[in-house]
2 protein chains.
Amino acid sequence: MPVGLTEQEIERVDELVGTRRKVARGMPLYLSGESFQSLFAIRTGFFKTEVVSEDGREQVTGFQMAGELMGLDGIGTGQHNCDARALEDSEVCVIPFNRLSELSREIDTLQHHFHKVMSREIVRDQSVMMLLGTMRAEERLAAFLVNLSQRFLSRGYSATEFNLRMTREEIGSYLGLKLETVSRGLSRLQDEGLLSVSNKNIRIHKLDDLKKAMSPRC
Amino acid sequence: MPVGLTEQEIERVDELVGTRRKVARGMPLYLSGESFQSLFAIRTGFFKTEVVSEDGREQVTGFQMAGELMGLDGIGTGQHNCDARALEDSEVCVIPFNRLSELSREIDTLQHHFHKVMSREIVRDQSVMMLLGTMRAEERLAAFLVNLSQRFLSRGYSATEFNLRMTREEIGSYLGLKLETVSRGLSRLQDEGLLSVSNKNIRIHKLDDLKKAMSPRC
DNA sequence: ACCGCGCATTGATCAACGTCAATAATGAGC
DNA sequence: GCTCATTATTGACGTTGATCAATGCGCGGT
């Protein structure tokens, strides 16, 4: 949350958070087409966001964890443009968007912070475009795991040992691969000694080499 | 530009636009790493945005035309995160970001409009992710052409006859394909009678069928 | 108007990934 | 603790798009 606020301002930002909401594993936080009213800040848990095209194609557009903001895609049209679904039992803070708008008009630090969050989401999406447009299957997997690793680390968890919350199919959808290719890729990274896979449990042995595996074949 | 403003507000939004800037074909509007100060609204011309990864990979992340806003990616870090380059001689309005921030704190219509623009950019990026993640080469090409067609139409130009401003290689980079694949795809769409290609000139004969060509094989 | 280089097209071959299929392992629910 | 459905692994094979290569064309610059 933004720093550099007066105590009074902090109080007002606190009261901005309307309610909390629990979302059980597998349940939607919101669905595409629903009216957009609020943003959601994840307190605990893990989500995926997924877009469904007219012809029925599904694409996972991201995995979100504690501290991240969801729902930004709904501002433009007033309707949510993707489904957000909990991958484990989760809890979110509900942030009514019109109150956020009002308050950010009064507290410029809040305004600036909000703009930064939106901009970073754009940059994140662009790096996924790069991944999908230019990387080979094993490189995508390595990039995906390194990204997860860094995000766990920044939350105080281990960067080298964690449990995946999503299935191979969901990983594949996110990375533009089929689930079999994801499975083979993980097996291959394991064979190369970079990590151990046991179902959803990942132990990274050589994080440096995994980072190198994001780049074209050595 | 936003509607529903008083005359006084319109004046103030007008004075927000600091200067204009001309960018010759091939020249950068900004480069990755440069300090972010302003957003740019395209008055005339055509741009591409491109990200370059650490290991040297390049990915075109979008093509922008008159009326569209560029530079949103720089807000989060204070530095531009991609290159923006003119594909033809162009002119932009320079919008100093700190003045936009101030003014949007006073004019809520402006604030809301700005938030919508950012949100739509996120949604646009997600639909590119869908394209890159799930579509086959010819489907991507069809989707690309249909998108261009609609954007020309909404600007008062022909939806069925236009000139591409970018090379096959740039199209390929955007679509996650090699330039040869782009060329073959265009030839194939031509053979199927959906359109005519003559270098950069495109004439769409069957827009409906082209839209259908975005979906999996019939 | 001309020249030259960048851009586009097309063909042949190849590798990566998808598809289809069979089996195994896991864990959620009773 | 057991069972079944879901998820994951692995193999064999097919297809798509990448790669390599050669040729032709057009347009920008002088």
Side-chain angles (χ1 to χ4, degrees), chain A residues 24-27 48 57-60 85-89 131-142 144-145 163-192 195-202 213 216-217, chain B residues 24-27 46 48 57-60 85-89 131-145 163-192 195-202 213 216-217:
Chain A
R25 175 200 175 97
M27 291 291 109
K48 69 169 173 180
R57 276 188 265 234
E58 299 184 356
Q59 168 83 22
V60 171
R85 221 170 257 281
L87 293 177
E88 61 184 31
D89 291 350
L131 179 144
L132 292 170
T134 72
M135 294 172 106
R136 331 174 90 278
E138 212 171 307
E139 293 164 6
R140 296 185 199 188
L141 260 176
F144 170 70
L145 292 171
N163 289 311
L164 300 173
R165 270 58 176 214
M166 67 296 283
T167 67
R168 302 286 190 266
E169 188 169 18
E170 287 163 337
I171 297 172
S173 173
Y174 181 59
L175 298 179
L177 303 170
K178 292 294 159 181
L179 68 95
E180 295 94 329
T181 307
V182 173
S183 185
R184 277 185 245 272
L186 289 174
S187 298
R188 191 140 193 279
L189 291 171
Q190 184 171 238
D191 292 347
E192 290 165 355
L195 48 77
S196 302
V197 192
S198 175
N199 269 292
K200 306 224 159 159
N201 184 268
I202 302 282
R217 43 179 57 279
Chain B
R25 175 198 174 99
M27 291 292 108
F46 213 98
K48 69 169 174 179
R57 276 188 266 234
E58 299 183 355
Q59 167 83 22
V60 170
R85 221 171 257 279
L87 293 178
E88 61 184 31
D89 291 349
L131 179 145
L132 292 170
T134 72
M135 294 172 108
R136 333 173 86 279
E138 212 171 306
E139 293 164 6
R140 294 184 200 189
L141 216 37
F144 170 70
L145 292 172
N163 290 311
L164 300 174
R165 269 64 173 203
M166 66 295 283
T167 66
R168 303 287 190 264
E169 188 168 18
E170 287 163 337
I171 296 172
S173 173
Y174 180 59
L175 298 178
L177 303 171
K178 291 295 159 182
L179 68 94
E180 294 95 330
T181 307
V182 173
S183 184
R184 276 185 244 272
L186 288 175
S187 298
R188 192 142 192 279
L189 291 171
Q190 184 171 239
D191 292 347
E192 290 164 355
L195 48 78
S196 303
V197 192
S198 174
N199 270 292
K200 307 227 157 154
N201 183 267
I202 303 282
R217 45 178 55 282

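Letters A, B, ... mirror the listed sequences (proteins, then strands); counts begin at 1.
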Taking all heavy atoms of Phe46(B) and all of Met166(B), pick out the closest pair and write down the distance. CE2-CE, 3.8 Å
Closest non-hydrogen contact found for Gly176(B) with Leu132(B) is N-CD2, 3.7 Å
Taking any atom under 4.0 angstrom from a heavy atom of chain A, which nucleotides of DNA chain C are the first and last to qualify, 5' to 3'? dA16(C) to dT26(C)
Using the salt bridge (charged side-chain N to carboxylate O under 4.0 Å, His left out) criterion, which residues pair with [X]? Sequence neighbours excluded.
X: Glu180(B); answer: none
X: Glu192(A); answer: Arg188(A)
X: Glu169(B); answer: none
X: Lys178(B); answer: none

Listed by chain and number, what are the side chain to side chain contact (heavy atoms under 4.5 Å, CB included) partners of [X], not counting sequence neighbours?
X: Gln190(A); result: Leu195(A), Ser196(A), Val197(A)
X: Glu139(B); result: Arg57(A), Met135(B), Arg136(B), Pro216(B)
X: Asp89(B); result: Ala24(B), Arg25(B)

Which value, rounded to the nearest 0.5 Å, describes the distance between Leu141(B) atom CG and Leu186(B) atom CG? 4.5 Å
For Asn201(A) and dA8(D), what is the distance between atoms CG and P respectively, to the nearest whole Å? 13 Å
Could you check how far CD of Glu139(B) sits from P of dT16(D), rounded to whole Å? 11 Å
Residues of residues 179-187 of chain B with any non-hydrogen atom less than 4.0 angstrom from an atom of DNA chain D: list those, numerically ordered, please. Glu180(B), Thr181(B), Arg184(B)
Polar atoms only, N or O, under 3.5 Å: list the protein pairs with nucleotides 25-30 of chain D and their distances.
none

Angle separating the five-pair end axes of the helix from dA1(C)-dT30(D) to dC30(C)-dG1(D), nearest 10°, is 70°
Mind running a 4.0 Å heavy-atom check of residues 164-174 of chain A against DNA chain C and sending the residues that fall below it, in number order? none
Tell me whether Arg165(A) contacts the main-chain N or O of Leu87(A) through its side chain, where contact means a donor paired with an acceptor under 3.5 Å. no
